[in-house]
Amino acid sequence: MLHPVPHPSKKRAAVLLSLSAVAAALASPVVAAPAPAPAPAPAPAAAAALRWSGCATPRYPTLQCASLKVPLDHDRPAGRQISLALTRVPHTAATSQGPLLVNPGGPGGSGRTLAGFVASALPKDVAAQYDVIGFDPRGVGRSEPALDCGAGHFKPVRPDSVPLDPATERANLERVRSFAESCQTKHADVLPYVGTVSAARDLEVLRTALGAERLSYFGYSYGTYLGAVYARLHPDRVHRLVLDSVVDPGGVWYEDNLAQDQAFDARHKSFMAWVAQYDATYHLGTDPAAVEERWYAMRTALRSAPAGGKVGPAELEDTYMPGGYYNGYWPALAEAFAAYAVREDAKPLVAAYERFGAVEPSAGNSYSVYTAVQCRDSAWPRDWNTWRADMWRTHAKAPFMTWNNAWYNAPCAFWKTEPLQTPDVTNHDLPPALLFQASEDAATPFEGAVAMHDKLAGSALVVEEGGGNHGVALSGNKCLDEKLAAYLRTGQAADAACPAQPAPKPATATRAVPPSAGGAALHGLLGFRG
């Protein structure tokens, strides 16, 4: 769903009164009723004090690193141990509010670099009050063992994602079935213990190792679900809880993906309208629908003649999907589109693929964890006929990425590790939590934030009205950032709305991200699919 592959270059005030009605009107049916929340686990055995050592970088000169041992199986705490890789920017104020754990999402995203970013992006007086801690969840990055189910899964040129004929469908099915079997072969001993509940229980071991009575948590994207599950297990251990770009807890994960497909299609149409607005620059037309037709004509042409021998239809979707996460990429993507469609020059399109769509080596790990977590967390249809019918029905309304997203998640149709039931994250025992959500977010549609807001009693929802980016706090919106800082200082928050940042302006091809589009640094850390 949330596509954790790192970026290759590093991957409403009045309206709030009607949020519950909006959620009820737009909510999708879930695959199965959520299970009751798991009973709180017994307190973990006392963990050894963490040994922090300097691992400073020029950008983050006070960064420290450590590793933490946790049980592979939390129900057998004396059994096999695995390790989590940690980073920390220590507090500097005389009085500390304790640890602030940060997570970039995924599942499968590495959070080690995010600690330095968050500590430097917060106001100095706020950052000084917290030990800002990043971590690689179990299986991720420098945590051990790190999952890697199969090299070359995204090697171009892949079969067309849209299975217009049986041979293309068979080729795609073989790819995803092979990946699932490879995971089982390589990591059968670990896969039953890779999931959101296990990761949440790891956080409680980390809290104990830190010697903290309570911890604070700031998660983006999938990280919002991880934080909500931890808070349900240990509500009395939560000091502050910030959830940005919020997962719908009622659709984990099959239904959430179908909702995401439609939201991404709408966001792609917004990009097409933006391109049409700047016809004087891109010469692709002034009618958004006509511009979109030219984009799909490009996709059709690439089926028989992949650009540079690398960019076929599936790779084209991978290249343009990041534009649904962050509109700061729109100028570069529009220039590549125009070069191919207007000037018959494929080189900028290949360059855009290599920057936004090509998979770097570490993606094997992040995608493997993504799949292992999502396939374990909840039940997926095992009958491919169900997938086929659902995808064609959704594709008819939202053709931009429905089938591409289906193949990304389809290993779950063949996963051998038994799925769990999703926990109910409803929580009446938390201190007030703070939620941030852009109203037009594609990766985690708005209705998910409404649903989470309803489930977390006393929580506050701050909406970026008209915003379409995924991950909005600390991305340059002063209104949002002030509300985050105030909450971390005092723990107090209220429902509110903030205006979105201006859309980007066209930029020269050599300018990666125009200054008008804030948040490039954050979005490089949160990553996206491709």
Open item on the list: Assess the residue pair Y60 and T113 against the criterion (side-chain contact (heavy atoms from CB on, under 4.5 Å)); give the C-alpha distance rounded to whole Å, side-chain angles, the decisive distance to 0.1 Å, and a yes or no.
Closed with: CA-CA 9 Å; Y60 307 126; T113 303; 4.2 Å; yes
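- Between T196 and Y222, the side chains place a donor N or O and an acceptor N or O closer than 3.5 Å (distance only, hydrogens not considered).
- Partner of Y282 under the ring pair (Phe, Tyr, Trp, His ring centres under 6.0 Å) criterion, chosen from Y340, F271, W274, F337: W274.
- Judged by distance alone, the side chain of D265 and the main-chain N or O of F400 form a donor-acceptor pair under 3.5 Å.
- When side chains are defined from C-beta on, V162 counts as touching R299, because their heavy atoms get closer than 4.5 Å.
- Using a 4.5 Å cut-off on side-chain heavy atoms (C-beta onward), Y217 and L203 make contact.
- With 3.5 Å as the limit, one finds no donor-acceptor pair spanning the side chains of W253 and N409.
- Listed for the T224 side chain is a donor-acceptor partner under 3.5 Å among the backbone atoms of S221.
- Using a distance-only test at 3.5 Å, with no hydrogens or angles considered, a donor-acceptor pair links the side chain of S143 to the main chain of A85.
- A distance of 6.0 Å or more separates the ring centres of Y325 and H523.
- Among all heavy-atom pairs drawn from A442 and G324, the shortest one is CB-O, 4.0 Å.
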- [ ] Kindly determine whether T371 and C149 satisfy side-chain contact (heavy atoms from CB on, under 4.5 Å), including the steps that lead there.
- [x] CA-CA 10 Å; T371 309; C149 295; over 6 Å; no
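- Of the possible polar contacts, none joining the N103 side chain to the L226 backbone as a donor-acceptor pair under 3.5 Å is found.
- Contact record, T87 with L63: CB-CD1, 4.0 Å, taken as the closest heavy-atom pair.
- Remark: side-chain polar atoms of T281 are not paired, donor with acceptor, to backbone N or O of P506 under 3.5 angstrom.
- Here CD of Q437 is found 11.0 Å from CG of L480. Values are rounded to the nearest 0.5 Å.
- A donor-acceptor pair under 3.5 Å is absent between the side-chain atoms of D481 and the main chain of L122, judged by distance alone.
- Judged purely by distance below 3.5 Å, without hydrogens or angles, the side chains of E317 and S161 pair a donor atom with an acceptor atom.
- Note: R177 CZ to S182 OG = 14.5 Å, rounded to the nearest 0.5 Å.
- In this structure the side chain of Y326 never reaches within 4.5 angstrom of the side chain of L522, judged on heavy atoms.
- At a cut-off of 3.5 Å, with distance as the only test, no side-chain donor of N365 or S368 sits close to an acceptor on the other residue.
- A heavy-atom distance below 4.5 Å is not found between the side chains of P419 and W380.
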TODO: Evaluate the side-chain contact (heavy atoms from CB on, under 4.5 Å) criterion for residues D248 and M452: first the C-alpha distance (whole Å), next the side-chain angles of each, then the deciding distance (0.1 Å), finally the verdict.
DONE: CA-CA 7 Å; D248 184 345; M452 188 72 82; over 6 Å; no
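- Residues D202 and L84 have side chains in contact (heavy-atom distance under 4.5 Å, counting atoms from C-beta outward).
- The two atoms that bring L435 and A449 nearest to each other are CD2-O, 3.8 Å, heavy atoms only.
- A donor-acceptor pair is defined here as one N or O able to donate and one able to accept, closer than 3.5 Å; such a pair exists between the side chain of Y220 and the backbone of A473.
- For Y408 and F154, the gap between ring centers is short of 6.0 Å.
- Across G467 and A438, no two heavy atoms sit closer than the pair O-CB, 3.2 Å.
- In summary, the side chains of D136 and S110 do present a donor paired with an acceptor at a separation below 3.5 Å, with no hydrogens or angles considered.
- The main-chain N or O of W330 is never found under 3.5 Å from a side-chain atom of N327 such that the two would form a donor-acceptor pair.
- The closest donor-acceptor contact from the side chain of T386 to the backbone of R382 lies at 3.5 Å or more, if one exists at all.
- The aromatic rings of W387 and W384 lie parallel to each other, with less than 30° between the two planes, well short of the 60° mark.
- Within the 4.5 Å cutoff, side-chain heavy atoms of E169 are placed close to those of R388.
- Exactly one of K155, R158, K310 qualifies for a salt bridge (charged side-chain N to carboxylate O under 4.0 Å, His left out) with E315. That residue is R158.
- Taking both residues in full, the closest heavy atoms of A146 and H187 are given as O-CE1, 4.0 Å, listed atom of the first, atom of the second, then distance.
- D261 and K397 are not joined by a salt bridge, as no carboxylate oxygen comes within less than 4.0 angstrom of a charged side-chain nitrogen.
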TODO: Mind running salt bridge (Lys or Arg N to Asp or Glu O under 4.0 Å) on K416 and E181 for me, showing each step along the way?
DONE: CA-CA 8 Å; K416 293 184 179 179; E181 291 173 350; 5.7 Å; no
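- Residue R142 places its CZ atom among 12 or fewer non-hydrogen atoms of other residues, nucleotides or ligands, all under 6.0 Å distant.
- Looking at D441, its side chain never comes within 3.5 Å of a backbone N or O of V246 through a donor-acceptor pair.
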Task: Verdict with supporting geometry, R267 and E440, salt bridge (Lys or Arg N to Asp or Glu O under 4.0 Å) - done: CA-CA 7 Å; R267 192 65 179 152; E440 312 306 317; over 6 Å; no
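- Looking only at side-chain heavy atoms (C-beta outward), L525 and P104 stay at 4.5 Å or farther from each other.
- In this structure, H153 and F179 have tilted ring planes: the angle between them lies in the 30° to 60° band.
- Considering all non-hydrogen atoms of both residues, V190 and P145 come closest at CG2-CG, 4.1 Å.
- Using a 4.5 Å cut-off on side-chain heavy atoms (C-beta onward), M298 and L302 make contact.
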TODO: Please lay out, stage by stage, how V194 and R376 fare under the test side-chain contact (heavy atoms from CB on, under 4.5 Å).
DONE: CA-CA 7 Å; V194 179; R376 176 64 168 156; 6.0 Å; no
